[in-house]
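Only this structure's heavy atoms are used, side chains among them; waters, hydrogens and symmetry mates stay out. Predicted model, so just to flag it, every value in this text is computed and none were measured. Below, chains carry the letters A, B, ... as their sequence lines are ordered, and counting in each starts from 1.
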Amino acid sequence: MSQMTYAEAINVALHEAMQLDSSVICYGLGVTDPKAVFGTTINLEKKFGPERVFDMPTSENAMTGVAIGAALNGIKSVMTHQRIDFFLLAMDQLVNGAAKWHYMFGSQNSVPITIRLIIGRGWGQGPTHSQNLQAWFSHIPGLKVVMPTTPEDAKGMLLSSIFDPNPVIFLEHRWLHSSIGEVPDGDIRVPLGKAKIVKSGKDITLVAMSYMSIEAIHAADYLEKQGISCEVIDLRTIKPLDWETLMESVSKTGHLLALDSGFSTGSVAGEIIARVSMEKFNALKLAPARLAMPDVPEPTSPALTKGFYVRAADVAEKVMDMLGKDTGQVRKDLTEPRPHDIPGKWFTGPF
Amino acid sequence: MSQMTYAEAINVALHEAMQLDSSVICYGLGVTDPKAVFGTTINLEKKFGPERVFDMPTSENAMTGVAIGAALNGIKSVMTHQRIDFFLLAMDQLVNGAAKWHYMFGSQNSVPITIRLIIGRGWGQGPTHSQNLQAWFSHIPGLKVVMPTTPEDAKGMLLSSIFDPNPVIFLEHRWLHSSIGEVPDGDIRVPLGKAKIVKSGKDITLVAMSYMSIEAIHAADYLEKQGISCEVIDLRTIKPLDWETLMESVSKTGHLLALDSGFSTGSVAGEIIARVSMEKFNALKLAPARLAMPDVPEPTSPALTKGFYVRAADVAEKVMDMLGKDTGQVRKDLTEPRPHDIPGKWFTGPF
Amino acid sequence: MVHPVKNSSIENSLNLFHHMYRIRTVEEEISRRYSEGKMRCPVHLSTGQEAIPSTFALTITKDDFTVSTHRGHAHYLAKGGDLNAMIAEIYGKSTGCSKGKGGSMHLIDRNVNFMGTSAIVGNSIPVGVGLALSSKLKGTDQISCIFLGDGAIEEGVFYESVNFAVVRKLPVLFICENNLYSVYSNLSVRQPIGRSIAKMVEAMGIDMSFGNDNDILANQQLMKKAINNVRSGNGPHFLEFSTYRWREHCGHNFDNNIGYRSQDEFLEWQAKDPLMLLEKSLTKDGSDTTTKLSSIKEQIDSEVAAAFEFAETSPFPNQIEAYEGVYAAIEGVPK
Amino acid sequence: MVHPVKNSSIENSLNLFHHMYRIRTVEEEISRRYSEGKMRCPVHLSTGQEAIPSTFALTITKDDFTVSTHRGHAHYLAKGGDLNAMIAEIYGKSTGCSKGKGGSMHLIDRNVNFMGTSAIVGNSIPVGVGLALSSKLKGTDQISCIFLGDGAIEEGVFYESVNFAVVRKLPVLFICENNLYSVYSNLSVRQPIGRSIAKMVEAMGIDMSFGNDNDILANQQLMKKAINNVRSGNGPHFLEFSTYRWREHCGHNFDNNIGYRSQDEFLEWQAKDPLMLLEKSLTKDGSDTTTKLSSIKEQIDSEVAAAFEFAETSPFPNQIEAYEGVYAAIEGVPK
Ligand SMILES: Cc1ncc(C[n+]2csc(CCOP(=O)(O)OP(=O)(O)O)c2C)c(N)n1
Ligand SMILES: Cc1ncc(C[n+]2csc(CCOP(=O)(O)OP(=O)(O)O)c2C)c(N)n1
Ligand SMILES: [Mg+2]
Ligand SMILES: [Mg+2]
């Protein structure tokens, strides 16, 4: 057990995986450069050599197909993109190829590839460097979609993703990379498809993923002081989603608020509301609710992103509103941090 | 007013648009070939010349960017792809470019492009020629998504799409191309964003789009004989979706079944269930329901697609089940047509 | 270098004939039966294009990897893929090489490292490059062969794949069958008139060779050299062959009447039919050869008939299988 | 052809100096102020790369179209884009050229047909080709210029765009600024060593020229010829220039210390600084020229200072504007 950042936990997991299995390779733009993808790929090339760890041409689509081909002969690729937005170039290889290969060839091959995509928000990233497209991936049969929140889960789920025989989309939120936590040593595997109840409670179920789980926890802490007991579920895996844990929680609390870092319409949070409404209609004491990003591209100016993101205050206000409590005090208690567009003071840009 | 097929209606709309406005151009693989994209582009090149109507290289991504660039100088492109699946190669240009251009450059340009994509099912099209990805497009701010069901709407909405200043994804279901209907002459515009109540009823709201609206109508006709009155809403536009018409209907019927031709998880039908559950919770008399494609790539063998699609029988059975009626007779009354994998006997493949 | 003696040259020609005749017979039999409506998936036939896969068949080894396209029957057969399993796949049977999930456009035979075909133009190209990367990582001498058409040349992914193969000097053989058309579109509306595909690709930093007119013996030499070259570790190679498909792009008919190409063009190519020419030249070699030709035909005719019989009598997959196999199971963890 | 007389040559050099000095000053002023934290978006500076946009500025006309990349400040300025509006955009102000929505990576000035830049590598290339298609359709003589880096060459969309431009003989000028790096990756890990980009593109069927080492007067001739060529209807042209960025890929610092490139390499290029060399050669031309240089500098220094003042004092957009402008309004229909 050691304390480390989320980025370090990813780095440790990559070292562990490559050490354990010589068929694991790691590539992507910047994987071998001095910045090492926000530090996540440090020392990999040094340790495992340029055959297994390499930079690549700016050819997102072909390089995804390369991972598929290598996978058909037993190579487990971890491919990294510094922004999810760049990966839009590779949708053909991902959706027509990787996701369907096992199925459409009668289950003779598997495609064990892991695609690390960095999502984020803030700091002038603007419309094409800040998308959170998890809903797209979770719509596609054959893909697994993972969104860990804590350093421990980042490590344990990256290891599980790499050794999963299916294509896994591994989404890292840029605002989590510097968060710190205890991480067990060695080959720890956190199973895909199991949510975590990070806080148990009885009044309402807050369900979230990745960075939104952090906002949910802040809100739950605040709400606790206001006498509201929230059950916070960190989904961790978006597909397959752990419906069992979720349904059980809603059965208990009778209230649901689903959070999402993606655009509202067609969000994963929407799918959650839909499934709960269809399957636990009678358990719901009142209308379920969702807080996600507005259906708007993210603007660049810091003036325009003020109040743009879903923050703990929004969550707390929504919960109190749902439960019929007075919300007048919330925004005074939970002000938007300043500056609002960075994860912490340590962050000085440009990324 | 004349009787024509859906494919002819599209052809007529293209002629009308190109006649009305010399800045309309039309291109895509096969647009000028003898088959003329299932007959939809017949005579366009002859009438409007090879500068405005042309075939293209198999370069889906660049050709989408070409439409954007031309649009910035006032050209209205109608681009056509014979399968939606091919267009996965162009997600970068569509999502990072076309959808955001107007917004991210401070509303100085608009991008009036129309992208015709053919969706479908059946007849051995298999995993990569049968996807229905409307949920993806409707998740993206800045796109409009249109899915007409009738020949009249195909014509009127294609005209509206072409003259809309935004990028419009125009989805045509292959099984509708040969359906016949009355179509008004001339420059008729069916507004985007307005659903149509194709059958009014009081017991349950059936909401559908494109080919699924046909199955919904069949089911409603059958259910009427069983004493169940369905209100059938043909969405026609998926984004922006006509929430007003939908909410009003659910308020009246208290029951909702949403149909979709896409994969279940993350479907447009899911978003509909979610929004109705959040906004009309108290109007719902019981849990809303959804019928969409299974979360499975479409297999090729006709043996494997038996019972695979959502058919009128499934809809009728689901409705009766929701309303507590005996469903024992449904599948005897509404058998799966034979062969089950073609829209009609006239269809002999290969497409 | 030792020149091949006459006998071995006849033997070689008989072998080529075998492969060409086999591919032709399979495709024509599909064509003959297609309108029965039992093969319920799109088929893209290679009648007229048999020369290239046949030279491939004689040079490639079982362990080498191969991927192909929508028009993949010939490549599957040339690589040694199981004929019965292919026909059964087209019939949608459980004995099909993809268990009925994939159809004509998704062929695979792992026993001979035929790794798959794709219905999306260009889609299998980088997959082939990835297979070459895997050989290099594993230190084997397997090369990876990628069949593609002239249309696939237009996809950006082709170019990206070539670039990466060159940068990492991977053992990839690109085999482009330039049949002048992509569906009903002539090359001239898709690529610059007069531009050589092979020369363009050469400028990307890759060795290339170009074979004309279905000239099978000349092309065989190009194929051999290219395969040897790639296997020797000289990096990727690009082969372009000029050829012609006889039947419609998708389906079983002739379609010279619909107007996108001329009957004259078709006849010109039919006169260069490599199968017919080879047979003609072989029958000149005396009655022994003629007898051998007949026995090859006989053997193949009955093999093909048996394959269709196998396909027709095989069971359909069970409906429930449609819902299985979306995810691969984690080892040790039941699905 | 008349050779330029000495005087007009000095004047030309002074004009080039004007543009280079202006771009340099803007970029360096951004760099100087960046750590204040008021420009809250990624910036990709062109310090060291000024020669190419400056020759462009002197030849291109206002009506011609231009698109560019994440590293687009210099191109925007060279095309005649409004300096105040650019700096304001980087500051996220409502007076910004994209009203604060886009930032440094999304610059536009419709008044001079600078049509946009993109933060996605390769993304604006086909957009430029589409603009050329529009000129052809409208029968104007506007050409379309596309700035791109050596990294963008690796995207399939580049290749697809070139192909389409050639097939339809569109008036497109591709201007590739090859600065050897994509972020921290040297060309050698991304493209075949020793392969010429320009020659590869030529093999795609396009005219090309190559300019070395920031040699500004030579490059100016190439630029002029290329622009004339494209305008004359000879189809697309590809220009490649070898150049070097001085500062880090993204941000305001020097970064030769972090290890992806050597200080020596940097110093070698700095010694070829086109701005410094031009100034040196001009000051040799006598005191009159020296005075003119000083007055150019003075004028630009104060112009740039004013632009920052404008940006700093401009109002921020209203929060509510974030939610506006997702869709363009249909004419006659209120939003
Ligand atoms: C990405 C994509 N675009 C378009 C198609 C439609 N399509 C199917 S086959 C084909 C022709 C490709 O031509 P070529 O590569 O020359 O192969 P050929 O059919 O001539 O063997 C096309 C365009 C497709 N399947 N995938
Ligand atoms: C599709 C895509 N992939 C990766 C990136 C990350 N990225 C931003 S700038 C850049 C470098 C591009 O290099 P080049 O085209 O040579 O331009 P330069 O920065 O040298 O001017 C990269 C890879 C991106 N923005 N878009
Ligand atoms: Mg072809
Ligand atoms: Mg560069």
What is the distance from atom OG1 of A:T58 to atom CG of D:D150, rounded to the nearest 0.5 Å? 8.5 Å
Mark yes when over 12 heavy atoms from residues, nucleotides or ligands other than A:K47 sit less than 6.0 Å from its NZ; otherwise mark no. yes
On a heavy-atom basis, which atom in A:G124 and which in D:C41 lie closest, and how many Å separate them? O-CB, 3.6 Å
Which atoms of D:N318 come close to chain A, meaning under 4.5 Å heavy atom to heavy atom: side chain ones, backbone ones, both, or neither? backbone
Rounded distance (nearest 0.5 Å) linking atom CD1 of D:I258 with atom NZ of A:K35: 5.0 Å
Proximity breakdown for A:L89 and chain D, heavy-atom pairs closer than 4.5 Å: side chain
Is the shortest side-chain heavy-atom distance between A:L304 and D:K99 below 4.5 Å? no
Below 4.5 Å from any heavy atom of chain D, which atoms of A:D295 appear? Answer side chain, backbone, both or neither. backbone
Got A:P299 and D:E321 here, is their nearest side-chain heavy-atom distance under 4.5 Å? no
Please classify the contact of D:S185 with chain A as side chain, backbone, both or neither, using a heavy-atom distance under 4.5 Å. both
State whether the side chain of A:T300 and the backbone N or O of D:K101 hold a donor-acceptor pair below 3.5 Å, judged by distance alone. yes
If one checks every heavy atom of D:M105 against chain A at 4.5 Å, the contacting part turns out to be side chain
Nearest 0.5 Å, please: how far is OG in D:S182 from CG in A:D55? 8.0 Å
Among A:T32, A:L88, A:L29, A:D341, the residue with the most heavy-atom pairs under 4.5 Å to chain D is A:D341
For A:F86 versus D:A119, what's the shortest heavy-atom pair and its separation? CE2-O, 4.5 Å
Grab the two heavy atoms, one from D:Y323 and one from A:G307, that are nearest each other, plus how far apart they are. OH-O, 3.7 Å
When rounded to the nearest 0.5 Å, the distance separating CZ of D:R40 from OG1 of A:T305 is 8.5 Å
One should read off an interatomic distance between D:E155 CD and A:S59 OG, to the nearest 0.5 angstrom, of 6.0 Å
So do the side chains of D:P42 and A:Q125 get within less than 4.5 Å of each other, counting heavy atoms only? yes
Counting heavy-atom pairs under 4.5 angstrom with chain A, the leader among D:G259, D:G102, D:S118 is D:G102
